[in-house]
S.K.: 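This is the structure I want to talk about, given as structure tokens.
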Amino acid sequence: MLVKKDPAYQLIRMLFLFSIVFPFLVLLLLSFSERYTWPGILPGNYSLRAIRSILFQRKALFFNCLFSIFFSVMVSLCTIMAAYCTAKWQSEHKESSLLSFCIFLPFMIPSSVFAMGAQILFLRLPFKNAYLSVFLSHVLYSLPYATTYLTEGMRNNIKRLEEQGRVFGASGFYLLFKVTIPLLFPYLIPAFMMSFILSMSQYILTVLLGGGKLKTLSLIMVPFIQSGERNLASVYGLLFLLSSFLLFLLMEMLLRGLKRREKVC
Amino acid sequence: MKKNFSFLYLLPQLFFTWLFLLALFLGLWDSFTVEGHVSIAHYKEIFTRGDTLPSIFYTLRISFLSSLFTLLLAILCSFLILHFSENWDSLKSILQLAIIMPHSLVALFLLFFLSQNGFMARIFYALKLISDQSAFPEFVYDRFGVGVILGYIWKELPFMLFFALPLAYSVDGKLGEAARTMGASPLYSFFFITLPLSIRQYLAAFFIIFSFSFGSFDLPYLLGNTTERALSVLAYQELQRGFMNRPTALSYNGIMLLFSLLLSFFYFRFLPKKKG
């Protein structure tokens, strides 16, 4: 009979974890590699050339990275605000399958299908702003995920605790910041991270709607992957993962700071 | 009094859904019009091209196979996870880590790992299993799409587990455990009790990933063959050819849209009914 401490099972577990961690190690390895000539299992030469060239020489690209991180953070904030409104409505009213359909529509329709139609739509609008169109489409595609997380969060009797807060005199923004948001934090954080990652990973939406003006990290990375310049692609990949990881750490610290303040009170 | 204003909370979602539907409609409309009047000339044109039908079959093949294998693997993994009572919280964070990986990076890893010039090929060469670079089987850029399928499985398996496991955990904790106390073997209690009760979540996830992989662009673009291309890649390349080719590209999209809508209908049939 299968037992948890079985070495065979532990091996499977290790393999599974390794398959998740392995890509990160590969990225790390490839970022420092120079030439990967045929029979050698590991790359032959190592150097900091790729990293140096991105951080110091291609300054414009580096600032593009920073901008795309900032852009995705803005997208995530907007997504969370919109998702919060929808989740609040859903928690107070009867379950509506039509609304669920509307929320999950971007889940089901591929982004390339939407992108080409959206190109036509945004060209016909009086104000043609590439940033706005990309921003709106990123929010659109992150909304289903964020709404799912926040609806789940809203199920934990938020309304009752909010009413308690009102009984004690809190109202408006004070209520929002001191009661609702701390209660929702365990759900706001995954929603934020998910929207951030989704926005950063979007390729076809940004390519088609940005019209070349908007360069996100994905847009810079993909040509390098295609061309076979593995070291540069890996450095950008690492930048991508590093920025997500740092953001995640920031959120965790915020969450812990809030929890500590709660305990003190 | 409050009820009158609560619809305001729905405005953001309504705005975005309306934007979405408008964009879809405009794309569809433009694919059906030729210089002002309705016609299916664009669709006729793409079907007379030699590569549209093979592309549809290719796209169907890679998305169906990848989703099917993901479903089977997810069921197997769920059994192992439930049987060994893995901690859900730590598993959740690991699964999220895998889900957040962008498709382009997955393509990079597969290229590094499975290409004829890649890591596995070199290990095989060192172990004297192959004599030359070209003796290693083609996993990427091949006609069947193996690399693309593997990439989809790698990305979608954590998603399916993330989506379906919570329900399986709760069913297993109550009814599965009850069955085991009455003498059912773990295998029996999973496949005949837990699985049938939670299969709706698995199938809902199946349709989501089927639809997603059908229209997805990144993986087939980076790992696909030049002769056999996915529908989304065909549409993109058509668009790149010029402004005048946009309606043709939109007709490719029309096919993808039709298929996605069909699949979403199935998804909503399988959507788990919420209790109470």
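Owing to the predicted nature of the structure, the values given are computational and were not obtained by experimental measurement. Residue numbers begin at 1 in each chain, while the letters A, B, ... track the order of the sequences.
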S.K.: Among A:Phe248, A:Trp89, A:Phe122, A:Phe245, which residue forms the greatest number of heavy-atom pairs with chain B at distances under 4.5 Å?
M.R.: A:Trp89
S.K.: Identify which part of A:Thr86 has an atom lying under 4.5 Å from any heavy atom of chain B, answering side chain, backbone, both or neither.
M.R.: both
S.K.: What part of B:Leu231 lies closer than 4.5 angstrom to a heavy atom of chain A: side chain, backbone, both or neither?
M.R.: neither
S.K.: Using salt bridge (Lys or Arg N to Asp or Glu O under 4.0 Å) as the criterion, list what pairs up with B:Arg246, not counting sequence neighbours.
M.R.: none
S.K.: Do A:Phe135 and A:Ser72 have side chains that approach each other closer than 4.5 Å (heavy atoms only, starting at C-beta)?
M.R.: no
S.K.: Determine the option with the most heavy-atom pairs under 4.5 angstrom with chain B, choosing from A:Ser112, A:Pro190, A:Ala82.
M.R.: A:Ser112
S.K.: Tabulate, in ascending numerical order, the residues of residues 252-259 of chain B having at least one heavy atom closer than 4.5 Å to a heavy atom of chain A, or enter 'none'.
M.R.: B:Asn253, B:Met256, B:Leu257
S.K.: Is A:Ser137 close to chain B through its backbone or its side chain, or both, or neither, when contacts mean heavy atoms under 4.5 Å?
M.R.: neither
S.K.: If we define contacts as heavy-atom pairs under 4.5 Å, which of B:Ser264, B:Ser216, B:Cys77, B:Gly27 has the most with chain A?
M.R.: B:Ser264
S.K.: Specify which of B:Pro12, B:Ala249, B:Pro102 makes the most heavy-atom pairs with chain A at under 4.5 Å.
M.R.: B:Pro102
S.K.: Can you tell which part of A:Phe240 gets under 4.5 Å to a heavy atom of chain B, answering side chain, backbone, both or neither?
M.R.: side chain
S.K.: Quick check on the interface: out of A:Gln226, A:Met193, A:Gln202, A:Arg124, who has the most heavy-atom pairs with chain B under 4.5 Å?
M.R.: A:Gln226
S.K.: Minimum heavy-atom separation for B:Ser55 and B:Arg229, please, with both atom names.
M.R.: OG-O, 2.8 Å
S.K.: Answer with side chain, backbone, both or neither: which region of B:Leu11 has an atom nearer than 4.5 Å to a non-hydrogen atom of chain A?
M.R.: neither
S.K.: Non-hydrogen atoms of chain A under 4.5 Å away: do they reach the side chain of B:Phe214, the backbone, both or neither?
M.R.: neither
S.K.: Heavy-atom distances under 4.5 Å only: say whether B:Ser115 touches chain A with side chain, backbone, both or neither.
M.R.: side chain
S.K.: On a heavy-atom basis, which atom in A:Ser195 and which in A:Thr79 lie closest, and how many Å separate them?
M.R.: OG-CG2, 3.9 Å
S.K.: Tell me, for B:Leu10 versus chain A, whether the close heavy atoms (under 4.5 Å) come from the side chain, the backbone, both or neither.
M.R.: both
S.K.: Of all of B:Ile94, B:Leu28, B:Leu14, which one pairs up most often with chain A through heavy atoms under 4.5 Å apart?
M.R.: B:Ile94
S.K.: Is A:Met194 in contact with chain B via its backbone, its side chain, both, or neither, using a 4.5 Å heavy-atom distance?
M.R.: side chain
S.K.: If I measure from the heavy atoms of chain A, does B:Phe109 come under 4.5 Å with its side chain, its backbone, both, or neither?
M.R.: side chain
S.K.: Looking at A:Leu99, A:Leu136, A:Ile197, A:Val113, which makes the most heavy-atom pairs under 4.5 Å with chain B?
M.R.: A:Val113
S.K.: Name the member of A:Leu105, A:Thr148, A:Val207 that forms the most heavy-atom pairs with chain B at distances under 4.5 Å.
M.R.: A:Leu105
S.K.: Could you check which of A:Cys85, A:Ser201, A:Cys78 has the highest count of heavy-atom pairs closer than 4.5 Å to chain B?
M.R.: A:Cys85
S.K.: Quick check on the interface: out of B:Trp154, B:Phe113, B:Phe16, who has the most heavy-atom pairs with chain A under 4.5 Å?
M.R.: B:Phe16
S.K.: So for A:Met221, is it side chain, backbone, both, or neither that comes closer than 4.5 Å to the heavy atoms of chain B?
M.R.: side chain
S.K.: Contact part of A:Leu143 toward chain B, heavy-atom cut-off under 4.5 Å: side chain, backbone, both or neither?
M.R.: side chain
S.K.: Given heavy-atom pairs under 4.5 angstrom as the criterion, report whether the side chain, backbone, both or neither of B:Phe217 touches chain A.
M.R.: side chain
S.K.: Answer with side chain, backbone, both or neither: which region of B:Leu108 has an atom nearer than 4.5 Å to a non-hydrogen atom of chain A?
M.R.: both
